[in-house]
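Read through the structure below, which is laid out as structure tokens, and then see the notes.
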Amino acid sequence: MRRLRLLRSAPERSFPLAETIYDVAIIGGGPAGYTAAIRAAEYGLKVALIEQSDKLGGTCLHVGCIPTKALLFNAEIWDHLKHAAEFGIEGIGAPTLNWAAVLQRKNAIITKHAKGLDFLMKKHKIARIKGYARLSGSARDGIHTVEVKAEGGEVSQVKAKNVILATGSEAKMLPGLAPDDRILTNIEILAMEQVPKSLIVIGAGAVGMEFGSLFRTFGSEVTIVEFLPRVVPVEDEEISKEITRLFKKRGIDMNTGAKVEKVEKTETGVKVTFIDANGNPQIKEAEKVLVAVGRAGRTGDLGLEKTRIELDRGLIQVNEAQETAEPGVFAIGDIVAGLPQLAHVGAMSGMIAAAKIAGRSFRPVRRDRIPGCTYTEPQIGSVGLTEAQAKEKGYEVKVGKFPFASNSKATILGSHDGFVKVVADAKYGEILGVHILGPQATELIAEAVAVLELEGTVEELIFTIHAHPTLAESLLDAYGAVEGMAINA
Ligand SMILES: Cc1cc2nc3c(=O)[nH]c(=O)nc-3n(C[C@H](O)[C@H](O)[C@H](O)COP(=O)(O)OP(=O)(O)OC[C@H]3O[C@@H](n4cnc5c(N)ncnc54)[C@H](O)[C@@H]3O)c2cc1C
């Protein structure tokens, strides 16, 4: 009876109970870790979640997905207000930006959701343990020991039958640089006290492109410098080409195939020297520089050397059940090799690990079923194979493309840029990939994910009713375009 009471009270504690053996101990309370914890608890497992920070949510909630999308929504409103007269709304004068209020709103959203996570941990009776965790080696008699160092330095032990590593990632820096008030990563840029007059973004993946888009809307002079020949390089080539054109039209200085040589501080800001695509040296100056050149897995100080866990360039290798080479130890989220570093991938990999531990059935992550979203203006949403990838895989490819310029809802929204591109297999008509650049692309892509998951064909989709007037109708037209049968273009 006494022991039962102790177990019940475990979720309230911030330190482990020595005598408790958890079914699973999860290290890291980001979207991968907290999702795994909740799902494991839903399966009836006894769960401990170890997080070094006071707050759950990880990069995604505090310095990633949520704050950036909150600010991008402010930017959208700002854009609408600037064009208010086009919509017949007059008399609002010249809008001004209260950046402090913008940041306050962003912070309030984060706080609300961090509290929501606290509530969910309690609801699911997950024991929350605060501290920095490390593995102590292989399991003994099937029980793993995780060492947890509290802020004050004292070390305790958490015992569990299984361990899930979910320690996430942090921004990579260019050699010799350290973040400060002018050389920024995603952390510093989200805390700037003012909108910078000018910003150089190094790296044109989703993170770099989103910040570039955001600050351009708020009036910064933005320069983007990318080493690869095209921006958003994981996307279909036509998407990269069109968003480059649209960013240039917005006055963003786009530099691809550019190799950064030096980043220096000047009296007033920063100076970036790079060799451009033609081999010529270029110098750009700005108030701030954002380094967005990828993210490194937090695997350096986890005690992995005491285990059989195998790394690939700092990321952990797992099988399709998210199991590492060390029995009873799983890895999920941004620290996993071979998967894109996205919150929804982390969350799903957490659900898979929880199912495996609970002895339940699961479906492994399929790379070609992962939606990728970039919340630029206009947005990008894509899933499945690009046209080039489908050809490389030996498919005979048929492509359908439909421009938002011909979609009535896009006209209503005043948002005509972009297109939907459908990549299909010519033989059976199976839809292999959908690539959207345009309004609400990050929402529209959900339909395409379901289509791919259910192995939909062009023939099935062209007879699937899409409501009118919607942006989703552009998908219907793009499926039709594969057979040269779009209605509205
Ligand atoms: C600017 C930006 C925007 C982004 N936007 C999007 C987006 O729109 N959509 C999207 O899908 N993804 C987005 N991402 C990526 C997304 O944030 C990550 O994929 C996601 O946060 C990874 O989740 P995770 O749980 O693996 O790791 P994290 O979120 O990094 O969480 C790891 C947690 O583990 C804790 N931890 C680390 N080591 C230890 C330890 N030893 N002991 C205890 N605790 C530890 C950390 O404190 C942290 O809380 C964005 C990223 C950035 C930087």
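In each ligand, atom 1 is the first atom listed, and ligand 1 is the first ligand listed. Source: prediction; values computed, not measured.
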In terms of side-chain heavy atoms, does Glu237 have a donor or acceptor partner in Ser240 at a distance below 3.5 Å?
no
Using a 4.0 Å cut-off to any heavy atom of Arg295, which atoms of ligand 1 qualify?
53 (C)
What residue and heavy atom of the protein are closest to atom 8 (O) of ligand 1, and at what distance?
Lys69 NZ, 2.7 Å
So which heavy atom in the protein is nearest atom 25 (O) of ligand 1, and how far is it from that ligand atom?
Ala32 N, 3.0 Å
Between Ala206 and ligand 1, which residue portion shows a heavy-atom distance shorter than 4.0 Å: side chain, backbone, both, or neither?
neither
Determine whether a donor-acceptor pair (N or O, by modelled atom type, separation under 3.5 Å) exists between the side chain of Thr111 and the backbone of Asn107.
yes
Do me a favour and list the nearest non-hydrogen protein atom to atom 30 (O) of ligand 1 with residue, atom name and distance?
Thr59 OG1, 2.8 Å
Numbered in order shown, the ligand 1 atoms found under 4.0 Å of a heavy atom of Gln341 are 15 (C), 19 (O)
Salt-bridge criterion met for Asp23 and Lys46 (N-O under 4.0 Å):
no
Taking N or O atoms only and a 3.5 Å limit, does Val207 qualify as a polar contact for ligand 1?
no
Just going by heavy-atom distances, which of Cys65, Gly372, Ala171 is nearest to atom 14 (N) of ligand 1?
Cys65
What atoms of ligand 1 come closer than 4.0 angstrom to any heavy atom of Gly30?
25 (O), 29 (O), 31 (O), 33 (C)
Could Arg182 and Asp180 be called an ion pair, given the rule that one side-chain N must be under 4.0 Å from one carboxylate O?
no
Short N-O contact, Arg230 and Glu235, less than 4.0 angstrom
no
Whether Arg245 and Glu242 form a salt bridge (side-chain N of Lys/Arg under 4.0 Å from carboxylate O of Asp/Glu) is what I want to check.
yes
Between Glu154, Glu151, Glu51, which is the residue that forms a salt bridge (Lys or Arg N to Asp or Glu O under 4.0 Å) with Lys130?
Glu151
Starting from atom 37 (C) of ligand 1, what is the nearest protein heavy atom, named by residue and atom, and what distance separates them?
Thr167 O, 3.3 Å
Closest non-hydrogen protein atom to atom 33 (C) of ligand 1, residue and atom name please, with distance?
Glu51 OE1, 3.5 Å
For atom 34 (O) of ligand 1, the protein heavy atom that lies nearest, with its residue and separation:
Gly28 CA, 3.2 Å
Protein heavy atom at shortest distance from atom 27 (O) of ligand 1
Gly168 CA, 3.1 Å
Mind checking whether Leu342 has an N or O less than 3.5 Å away from an N or O of ligand 1?
yes
So the atoms of ligand 1 within less than 4.0 Å of a heavy atom of Gly58 turn out to be 29 (O), 31 (O), 48 (C), 49 (O)
Tell me which part of Arg134 gets within contact of ligand 1: side chain, backbone, both or neither, using heavy atoms under 4.0 Å.
neither
Expected output: side-chain Gln322 to main-chain Ile332 donor-acceptor under 3.5 Å
no
Is the backbone of Pro196 close enough, under 3.5 Å, to the side chain of Ser220 for a donor and an acceptor to pair up by distance?
yes
From Cys60, Pro67, Gly64 - option closest to atom 52 (C) of ligand 1 by heavy atom
Gly64
Does Lys265 reach the side chain of Ile183, with side-chain heavy atoms less than 4.5 Å apart?
yes
Only heavy atoms of Ile50, strictly under 4.0 Å: list the atoms of ligand 1 that pass.
43 (C), 44 (N)
Does the distance from a Lys or Arg side-chain N to an Asp or Glu carboxylate O, for Arg250 and Glu377, drop under 4.0 Å?
no
At under 4.0 Å between heavy atoms, what of Gln52 touches ligand 1? The answer is both
Side chain, backbone, both or neither: the part of Ala343 lying under 4.0 Å from ligand 1 by heavy atom
both
Would you call Val148 a ligand 1 contact, heavy-atom distance under 4.0 Å?
no
Proximal atoms of ligand 1 relative to Gly333 (non-hydrogen, under 4.0 Å)
26 (O)
Would you mind reporting whether Glu170 and Arg298 have side-chain heavy atoms less than 4.5 Å apart?
yes
Atoms of ligand 1 close to Tyr375 [distance to a heavy atom under 4.0 angstrom, numbered from 1]
8 (O)
Would you indicate which of Leu339, Asp334, Thr299, Val345 comes nearest to atom 19 (O) of ligand 1 when only heavy atoms are counted?
Asp334
Quick note on ligand 1: atoms under 4.0 Å from a heavy atom of His344 include exactly 11 (O)
Please evaluate residues Lys241 and Glu238 with respect to the criterion salt bridge (charged side-chain N to carboxylate O under 4.0 Å, His left out), reporting the C-alpha separation (whole Å), side-chain torsions for both, the decisive distance (0.1 Å), and the verdict.
CA-CA 5 Å; Lys241 200 170 155 198; Glu238 285 193 74; over 6 Å; no
Is there a side-chain contact between Asp236 and Ser382 (heavy atoms, below 4.5 Å)?
no
Who gets closest to atom 23 (O) of ligand 1 by heavy atom: Ala331, Gly29, Pro31?
Pro31
Is there side-chain contact between Phe362 and Lys356, with heavy atoms separated by less than 4.5 Å?
yes
Heavy atoms only, cut-off 4.0 Å: how does Asp301 contact ligand 1, side chain, backbone, both, or neither?
neither
Close side-chain approach of Thr256 and Pro229, heavy atoms under 4.5 Å
no
Ligand 1 contact by Gly350, heavy-atom criterion under 4.0 angstrom:
no
Counting heavy atoms only, which part of Asn186 comes closer than 4.0 Å to ligand 1: side chain, backbone, both or neither?
side chain
Taking atom types as modelled and ignoring hydrogens, do the side chains of Glu326 and Ser138 form a donor-acceptor contact shorter than 3.5 angstrom?
yes
Ranked by distance from atom 42 (N) of ligand 1, the top protein heavy atom is Ala133 N, 2.9 Å
